[in-house]
Amino acid sequence: MTNGIVIVGAGHAGVQAAASLREEGYDGPVILIGDEQELPYHKPPLSKTFIKDAAAKPQPLRGEAFYTGSSIDFRPGTRIDSIDARAGRLDVAGGSPLAFDRLILATGSRPRVLKLDGAELAGVVSLRSIADARLIRELSAKTEDVVILGGGFIGLEIAATLRAAARNVTVVEAVDRLLGRAVAPVIASHVRQRLEAIGVRILTETTVARLEGENGRVSAAIMSTGERLPAQMVIIGIGVVPNVELAQGAGLAIANGIRVDQHMQSSIAEILAIGDAASYRHWFTGGDVRLESVQNATDQARLAARTIGGHAEPFSAVPWFWSDIGDMKLQMVGLTQGGDHHVVLGDLADNKFSIYHYAGNRLLGIESVNRPADHMLGRKMLGAGFSPTPQMVATGPEGLKAAFAAFSQGEPARAAG
Ligand code: FAD
């Protein structure tokens with residue numbers, strides 16, 4: 001191999017892939033291409049703290065010294081326009097073509113666009129990048145009333161953050177509950193109550209009919225109910241779509257993302273795909289997924305580097321995710337779709353509880369609010385293939401720990417207590 005490995009996309013997945021290639025002992029050229037100008041940065045703080053703190057700086061994923069010290073040829077502000085898979089070559093916007101031996105696509109996702117009258121007005125924004133976050137922060141300084149379209153994680157995180165900065169915030173959600181199918185209804189209604197208690201207005205089963213502006217700037221959002229909400233900023237947070245166009249142009253298989261196997265290889269084995277852009281059959285559920293989380297991006301990047309290094313183990317990381325919405329740290333482990341019953345530990349009134357989701361006797365996953373120890377134990381249990389019975393869960397954290405310890409020592413799992 002002489003051309004080395006090119007990674008397209010310098011976000012959570014791409015940067016980890018570069019680091020993991022070196023950790024795996026790969027000593028050929030590694031070229032990391034990103035179309036943003038910034039040193040690659042953490043995205044989660046953008047919706048949680050960055051937009052309300054004028055002094056906040058981006059948090060780099062790795063310091064500048066990492067790239068030089070690990071001989072990673074990081075090329076910011078560079079966009080790849082197309083891939084010639086057969087020739088092993090990339091077209092660089094405004095630059096010379098770039099040859100590769102292996103290619104890792106870590107192109108991420110972008111906010112879903114809403115076709116709406118007035119969506120082109122200044123002050124109508126979405127949040128994905130540090131540039132978006134800077135714009136929201138700047139607009140927020142001149143804004144009293146904010147309307148957020150979409151009651152998903154990012155919309156609600158922003159709602160809590162801007163409410164804490166004393167803005168009038170309304171969240172508009174098309175369906176009858178928040179957080180879509182991402183969490184159990186009990187969590188969704190808990191989140192709603194707490195957000196409403198701090199003064200966030202939440203309209204469910206409502207859509208925005210159109211946006212109105214003055215002098216090219218948004219001034220109001222008109223609801224499907226006819227209500228007119230003043231708004232100097234409208235944030236669209238209705239989900240993301242994977243950046244698959246490069247892969248599609250190269251003839252790779254696409255199915256809600258760049259389709260990869262359990263080694264992160266696309267339909268052309270020399271090209272791997274990881275992170276928000278990749279879809280795959282999940283080892284845990286047997287269903288097809290495309291996960292949008294830092295954990296997924298990081299673990300897939302590590303595995304892609306191992307695949308390139310000649311290892312053949314399949315992807316088997318336990319999925320987990322977190323979100324901070326006001327005074328709620330939500331943490332999720334496992335994949336809970338398809339659950340048919342659950343057990344609750346803790347107390348909703350204390351804003352500290354966990355929900356253990358089951359399909360029959362199999363623990364699918366745990367959703368926690370302000371109970372990080374439950375989450376951590378859940379990660380260990382699911383990682384070890386231990387499915388405590390609902391009766392074990394009902395004994396509480398100590399009983400559960402004891403049951404897990406017994407399982408780890410090889411004792412037959414049985415209901416404690
Ligand atoms: P990205 O991090 O999006 O990186 C992809 C990069 O590729 C981008 O820089 C993009 O510009 C670049 N790119 C795309 N196409 C090209 C091209 N043709 N040429 C060159 N460069 C290209 N996850 C959690 O687990 N917990 C959280 O609390 C959480 N909070 C979040 C808050 C916000 C505001 C956002 C936006 C995301 C959050 N996420 C969170 C999700 C998490 O950040 C993503 O899952 C993660 O960033 C995915 O990593 P990635 O590398 O696949 O994509």
Side-chain angles (χ1 to χ4, degrees), residues 6-18 31-51 58-59 61 74-83 90-95 98 103-112 125-134 136-137 150 152-158 160-161 182 235 237 239-250 257-258 260 264 272-279 290-301 304 319-325 328-333 375:
V6 177
I7 303 167
V8 181
H12 285 268
V15 171
Q16 182 62 49
I31 303 169
L32 175 64
I33 303 222
D35 57 1
E36 299 180 65
Q37 291 293 349
E38 255 6 91
L39 203 58
Y41 55 88
H42 286 272
K43 287 203 160 65
L46 300 183
S47 46
K48 299 168 181 77
T49 47
F50 185 88
I51 52 174
Q59 296 175 20
L61 287 169
F74 171 47
R75 302 189 189 177
T78 305
R79 188 164 180 84
I80 300 302
D81 276 345
S82 66
I83 305 168
L90 300 171
D91 281 329
V92 181
L98 186 61
L103 176 65
I104 301 179
L105 294 175
T107 46
S109 55
R110 60 179 183 273
R112 191 184 295 282
V125 292
S126 53
L127 176 54
R128 179 75 198 172
S129 65
I130 189 81
D132 298 334
R134 287 195 176 108
I136 290 175
R137 187 164 72 176
F153 286 115
I154 289 196
L156 298 182
E157 287 181 359
I158 299 173
T161 307
I235 302 176
V240 296
V241 291
N243 290 325
V244 298
E245 290 73 10
L246 265 187
Q248 204 157 23
I258 308 167
V260 294
M264 302 298 120
L272 295 87
I274 54 177
D276 278 19
S279 74
R290 190 180 60 71
L291 299 180
E292 296 155 11
S293 72
V294 168
Q295 170 276 323
N296 180 68
T298 309
D299 283 333
Q300 290 193 331
W320 56 267
F321 180 78
W322 84 97
S323 172
D324 297 327
I325 304 177
M328 292 163 280
K329 174 167 274 302
L330 273 71
Q331 291 172 295
M332 287 136 275
V333 56
H375 173 77

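Order of listing sets the numbers, starting from 1, for every ligand and every atom in it.
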Checking a contact table here: which protein heavy atom is nearest [atom], and how many Å away?
{"atom": "atom 25 (O) of ligand 1", "value": "V294 N, 3.0 Å"}
{"atom": "atom 32 (C) of ligand 1", "value": "S47 OG, 3.4 Å"}
{"atom": "atom 20 (C) of ligand 1", "value": "T78 O, 3.4 Å"}
{"atom": "atom 53 (O) of ligand 1", "value": "G108 CA, 3.3 Å"}
{"atom": "atom 14 (C) of ligand 1", "value": "T107 O, 3.2 Å"}
{"atom": "atom 17 (C) of ligand 1", "value": "R79 NH1, 3.7 Å"}
{"atom": "atom 19 (N) of ligand 1", "value": "I80 N, 3.1 Å"}
{"atom": "atom 26 (N) of ligand 1", "value": "W322 O, 3.1 Å"}

Between [X] and [Y], which heavy-atom pair has the shortest distance, and what is it?
{"X": "E38", "Y": "F74", "result": "O-CZ, 3.9 Å"}
{"X": "D276", "Y": "S293", "result": "OD1-N, 3.8 Å"}
{"X": "P40", "Y": "A10", "result": "CB-O, 3.2 Å"}
{"X": "S126", "Y": "I136", "result": "O-CD1, 4.2 Å"}
{"X": "L246", "Y": "V8", "result": "CD1-CG1, 4.0 Å"}
{"X": "P58", "Y": "I130", "result": "CB-CD1, 3.7 Å"}

Quick check: [X] and ligand 1, any N/O pair under 3.5 Å apart?
{"X": "H12", "result": "yes"}
{"X": "D35", "result": "yes"}
{"X": "F321", "result": "no"}
{"X": "G34", "result": "no"}

On a heavy-atom basis, I'd like to know which of [options] is closest to [atom].
{"atom": "atom 30 (N) of ligand 1", "options": "R110, E157, K48", "result": "K48"}
{"atom": "atom 5 (C) of ligand 1", "options": "A13, P40, A106, S126", "result": "A106"}
{"atom": "atom 43 (O) of ligand 1", "options": "M332, E292, K43", "result": "K43"}
{"atom": "atom 45 (O) of ligand 1", "options": "D276, D91, L291, T298", "result": "D276"}
{"atom": "atom 36 (C) of ligand 1", "options": "E38, R128, E245", "result": "R128"}

At less than 4.0 angstrom from any non-hydrogen atom of [X], what atoms of ligand 1 do you find?
{"X": "G9", "answer": "6 (C), 7 (O), 12 (C)"}
{"X": "S293", "answer": "23 (N), 25 (O), 45 (O)"}
{"X": "A297", "answer": "49 (O)"}
{"X": "L246", "answer": "18 (N)"}
{"X": "G275", "answer": "52 (O)"}

message: Given 3.5 Å as the limit, does a donor-acceptor pair link the side chain of T161 with the main chain of S47, or not?
response: yes

Reported [atom1]-to-[atom2] distance for the pair [X] and [Y], which is rounded to 0.5 angstrom:
{"X": "I31", "Y": "L103", "atom1": "CD1", "atom2": "CG", "answer": "10.5 Å"}
{"X": "I325", "Y": "I158", "atom1": "CD1", "atom2": "CD1", "answer": "11.0 Å"}
{"X": "Q16", "Y": "T298", "atom1": "CD", "atom2": "OG1", "answer": "5.5 Å"}
{"X": "Q331", "Y": "F321", "atom1": "CD", "atom2": "CZ", "answer": "11.0 Å"}
{"X": "I258", "Y": "R290", "atom1": "CD1", "atom2": "CZ", "answer": "10.0 Å"}
{"X": "L272", "Y": "Q300", "atom1": "CG", "atom2": "CD", "answer": "10.5 Å"}

- prompt: Where does the angle between the aromatic ring planes of H12 and H42 fall among parallel (under 30°), tilted (30 to 60°) and perpendicular (over 60°)?
  reply: perpendicular

Below 4.0 Å, non-hydrogen atoms only: which portion of [X] touches ligand 1? Side chain, backbone, both or neither.
{"X": "P44", "answer": "both"}
{"X": "F153", "answer": "neither"}
{"X": "E36", "answer": "side chain"}
{"X": "I154", "answer": "side chain"}
{"X": "N296", "answer": "neither"}
{"X": "V8", "answer": "side chain"}

- request: Assess the side chains of R128 and S109: does a donor N or O sit below 3.5 Å from an acceptor N or O?
  value: yes

- prompt: Do I80 and V6 pass the side-chain contact (heavy atoms from CB on, under 4.5 Å) test, and can you show the C-alpha distance, the side-chain angles, and the key distance before you say yes or no?
  reply: CA-CA 11 Å; I80 300 302; V6 177; 5.8 Å; no

task: List the steps and the verdict of side-chain contact (heavy atoms from CB on, under 4.5 Å) for M328 and L156.
output: CA-CA 11 Å; M328 292 163 280; L156 298 182; over 6 Å; no

field: Exercise check, heavy-atom protein proximity under 4.0 Å to atom 39 (N) of ligand 1
entry: no

